[in-house]
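Single-structure report; data block below.
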Amino acid sequence: QVQLVESGGRLVQAGGSLRLSCAASGRTFSVYAMGWFRQAPGKERKFVAAIGGSGGSTYYADSVRGRFTISRDNAKNTGYLQMNSLTPEDTAVYYCAADPSFLGVRSTYSVDYWGQGTQVTVSS
């Protein structure tokens, strides 16, 4: 079992930046790939970014590539999502995810563990 707790979401103006954190507990964090998803009101949960267990591999949705950076610190059992150049379209609840597979952590249908989510609101 892995427990995930997100933090860092808040109201920010367009063009601003935020860093989300995902604190993990339970099993050894480094054996899991980690991902971030987001869900806007009335819409499906969508993939945002993923990182392999060692941190050597990353993958991004086209909508955030070049603006968002995913990272992790396995010594602290924590993952991060640095978000820059935010727009109102980035407004959503952001969820942290963990899965043994780097491929599996990129799909809502295969993720093993979810956090509870943190709200990000970008005002225009």
Side-chain angles (χ1 to χ4, degrees):
Q1 281 281 53
V2 176
Q3 293 79 42
L4 303 171
V5 179
E6 302 95 332
S7 62
R10 62 176 176 87
L11 174 65
V12 63
Q13 288 190 334
S17 298
L18 273 180
R19 189 176 81 158
L20 305 182
S21 298
C22 174
S25 61
R27 300 287 298 275
T28 303
F29 183 53
S30 61
V31 305
Y32 290 90
M34 195 195 79
W36 288 93
F37 290 74
R38 66 186 182 185
Q39 187 167 17
K43 296 188 177 181
E44 294 183 346
R45 190 173 299 187
K46 293 185 177 180
F47 169 77
V48 173
I51 187 167
S54 66
S57 300
T58 57
Y59 186 78
Y60 297 92
D62 289 343
S63 59
V64 306
R65 188 175 290 114
R67 299 188 299 124
F68 291 11
T69 302
I70 190 171
S71 62
R72 64 191 296 161
D73 185 339
N74 287 339
K76 295 182 179 179
N77 284 355
T78 303
Y80 305 97
L81 184 67
Q82 177 68 43
M83 306 186 293
N84 299 328
S85 302
L86 286 162
T87 74
E89 287 67 38
D90 295 314
T91 295
V93 177
Y94 282 72
Y95 296 89
C96 177
D99 191 87
S101 164
F102 183 55
L103 183 62
V105 83
R106 291 185 256 167
S107 170
T108 57
Y109 298 103
S110 54
V111 164
D112 276 1
Y113 302 104
W114 292 100
Q116 84 289 347
T118 186
Q119 176 70 48
V120 172
T121 303
V122 184
S123 64
S124 57

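Here, residue 1 is the first one in the sequence, and each next residue gets the next number. The structure displayed is predicted, hence computed values, not measured ones.
- Both V64 and I51 sit in one connected hydrophobic cluster of ILVMFWY residues. Membership requires side-chain heavy atoms under 4.5 Å apart, directly or through other members.
- Across every non-hydrogen atom of Q116 and V5, the tightest pair is OE1-CA, 3.7 Å.
- Closest non-hydrogen pair, R72 versus M34, comes out as NH1-N, 3.7 Å.
- No more than 12 heavy atoms of other residues, nucleotides or ligands sit less than 6.0 Å from atom OH of Y59.
- Remark: F68 engages no residue in a ring-ring contact (aromatic ring centres under 6.0 Å, His included) (not counting sequence neighbours).
- Listed for the N74 side chain is a donor-acceptor partner under 3.5 Å among the backbone atoms of G53.
- Between R67 and D90 there is a side-chain heavy-atom pair separated by less than 4.5 Å.
- The closest donor-acceptor contact from the side chain of T28 to the backbone of S30 lies at 3.5 Å or more, if one exists at all.
- Taking all atoms of both residues into account, the shortest heavy-atom contact from S101 to A33 is O-CB, 3.7 Å.
- Looking at every heavy atom in both residues, M83 comes nearest to V120 through CE-CG2, 3.9 Å.
- Scanning both residues, S85 and S17, for their nearest heavy atoms gives N-OG, 4.4 Å.
- Counting only N and O atoms by type, the side chains of T78 and D73 include no donor and acceptor under 3.5 Å apart.
- Side chain of S110 to backbone of G104: a donor-acceptor contact under 3.5 angstrom is found.
- In summary, of the residues considered (Y109, Y94, F47, Y95), a ring-ring contact (aromatic ring centres under 6.0 Å, His included) with F37 occurs for F47 alone.
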Intermediate values then yes/no, side chain to side chain contact (heavy atoms under 4.5 Å, CB included), R38 and V93: CA-CA 5 Å; R38 66 186 182 185; V93 177; over 6 Å; no
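- By the 4.5 Å side-chain criterion applied to Ile, Leu, Val, Met, Phe, Trp and Tyr, V31 is assigned to a cluster that also includes V2, L4, Y32, Y113.
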Worked check of side chain to side chain contact (heavy atoms under 4.5 Å, CB included) between E6 and L20: CA-CA 7 Å; E6 302 95 332; L20 305 182; over 6 Å; no
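- Side-chain contact of E89 with T91: a donor-acceptor pair under 3.5 Å is absent, judged by distance alone.
- Interatomic distance, CG of D112 versus CD of Q1, reported as 9.5 Å (0.5 Å rounding).
- Linking ILVMFWY side-chain heavy atoms closer than 4.5 Å, directly or via other members, places F102 and W114 in a single hydrophobic cluster.
- When all heavy atoms of G79 and W36 are compared, the closest pair comes out as O-CZ2, 4.3 Å.
- R19 forms a cation-pi arrangement with Y80, by the criterion of a distance under 6.0 Å to the ring centre and an angle within 45° of the ring axis.
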Evaluation steps, salt bridge (Lys or Arg N to Asp or Glu O under 4.0 Å), between D99 and R106: CA-CA 9 Å; D99 191 87; R106 291 185 256 167; over 6 Å; no
Candidate pair Y60 and I70, rule side chain to side chain contact (heavy atoms under 4.5 Å, CB included), full reasoning: CA-CA 9 Å; Y60 297 92; I70 190 171; 3.4 Å; yes
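- Put simply, OG on S124 and CD on Q13 are 9.5 Å apart, with the number rounded to the nearest 0.5 Å.
- A side-chain N or O of Q3 and one of S25 form a donor-acceptor pair less than 3.5 Å apart.
- Once rounded to the nearest 0.5 Å, the distance linking CG of L103 with OG of S57 reads 12.0 Å.
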